[in-house]
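All residue numbers refer to positions in the sequence shown, counting from 1. Every number for a ligand or one of its atoms is a count from 1 in the order of the listing.
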Amino acid sequence: MPLIIANWKMNPATLTEAKDLFLQIKKVSIKNRKSTVVVCPPFLFIESLRKFTAPKISLGAQDVFWELEGAYTGEISPLQLYESGARYVIVGHYERRTRITLNETDEVINKKLKASLKAGLKPILCVGESKRDEAGNFLHFIKRQLELDLAGVKKTDLKNLIIAYEPIWTVGRDAKRKALPEECREIVVFIKKVLADMFGRNAMEKVQIIYGGSVDSKNARDYLTTGSAQGLLVGRESLRPKEFNEILKSI
Ligand code: 13P
């Protein structure tokens, strides 16, 4: 069943707006038998939205710290996220890797991912290249990200892992263009190959591979069919309930 993830990023400004948005999405989510929805709001809203969750719509966070507890001023642990109602967590989003110059390294992302699994959260690991090149160097880049970010992850944990392929050149308002479903498919196959080499074929098949980057109601279905993605990670359009619900309906 496709996993449709709403990444609200640093929006909306108030809890009232967040509740309103969540409830509008929920209406369609619970009617839609063809997908499971995960809403990732800013940390502060997770606990308050928890009471509105249902089997078809749950909550995730956009980031996490890599230790379970301790003297880490300002950080939020995976255990606290689970306790507040989150069941998923986005790890290694490109905006944290580079865009807002947080410079999160693969080593840090790897620690966050393993700590999340330990706390019972399902990590959504984002990978993707900033640009493509004829020589195919971008494939080495994605492979390297996967190898570093998943180092030391146990095979038995792969059933709880989601990998989001988000080519940076397709994300947000600055996107150069949208990815073709065929381009998505190519990388889904490539990611499977890298995972199979790392963990074996059986373990690889447990991982859900999804697509993100300028997803809207016109292209959502194509990424899931031609593109072979098992879900979608939606940014801007997840803040427009009508449009997001059109995405759900199109599946
Ligand atoms: P957009 O859908 O706004 O391009 O954002 C994608 C994204 O970054 C989701 O995590």
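- Side chain to side chain, Glu69 and Ser77 fail the donor-acceptor criterion of an N or O pair below 3.5 Å.
- In summary, Arg97 and Asp149 engage in a salt bridge, as defined by a charged side-chain N under 4.0 Å from a carboxylate O.
- The shortest N or O to N or O distance between Gly235 and ligand 1 is below 3.5 Å.
- For ligand 1 and Asn7, the ligand atoms under 4.0 Å from any heavy atom of the residue are 9 (C), 10 (O).
- Between the side chains of Thr226 and Arg221, no donor-acceptor pair is found at a separation under 3.5 Å.
- Under the 4.0 angstrom criterion for non-hydrogen atoms, Gly172 is in contact with ligand 1.
- For atom 6 (C) of ligand 1, the nearest protein heavy atom (residue, atom name, distance) is Glu166 OE2, 3.5 Å.
- Against a heavy-atom cut-off of under 4.0 Å, Arg236 is close to the following atoms of ligand 1: 1 (P), 2 (O), 3 (O), 4 (O).
- When non-hydrogen atoms are compared, ligand 1 lies under 4.0 Å from the side chain of Lys9 (C-beta onward) but not from its backbone.
- Not a single donor-acceptor pair under 3.5 Å links the side chain of Lys34 to the backbone N or O of Ser250.
- When the side chains of ILVMFWY residues are joined at heavy-atom separations under 4.5 Å, either directly or via intervening members, Val91 and Ile76 end up in a single hydrophobic cluster.
- Residue contacts with ligand 1 for Glu237 are absent, since no atom lies close enough (heavy atoms, distance under 4.0 Å).
- With hydrogens and angles disregarded, a donor-acceptor distance shorter than 3.5 Å links the side chain of Gln62 to the backbone of Lys9.
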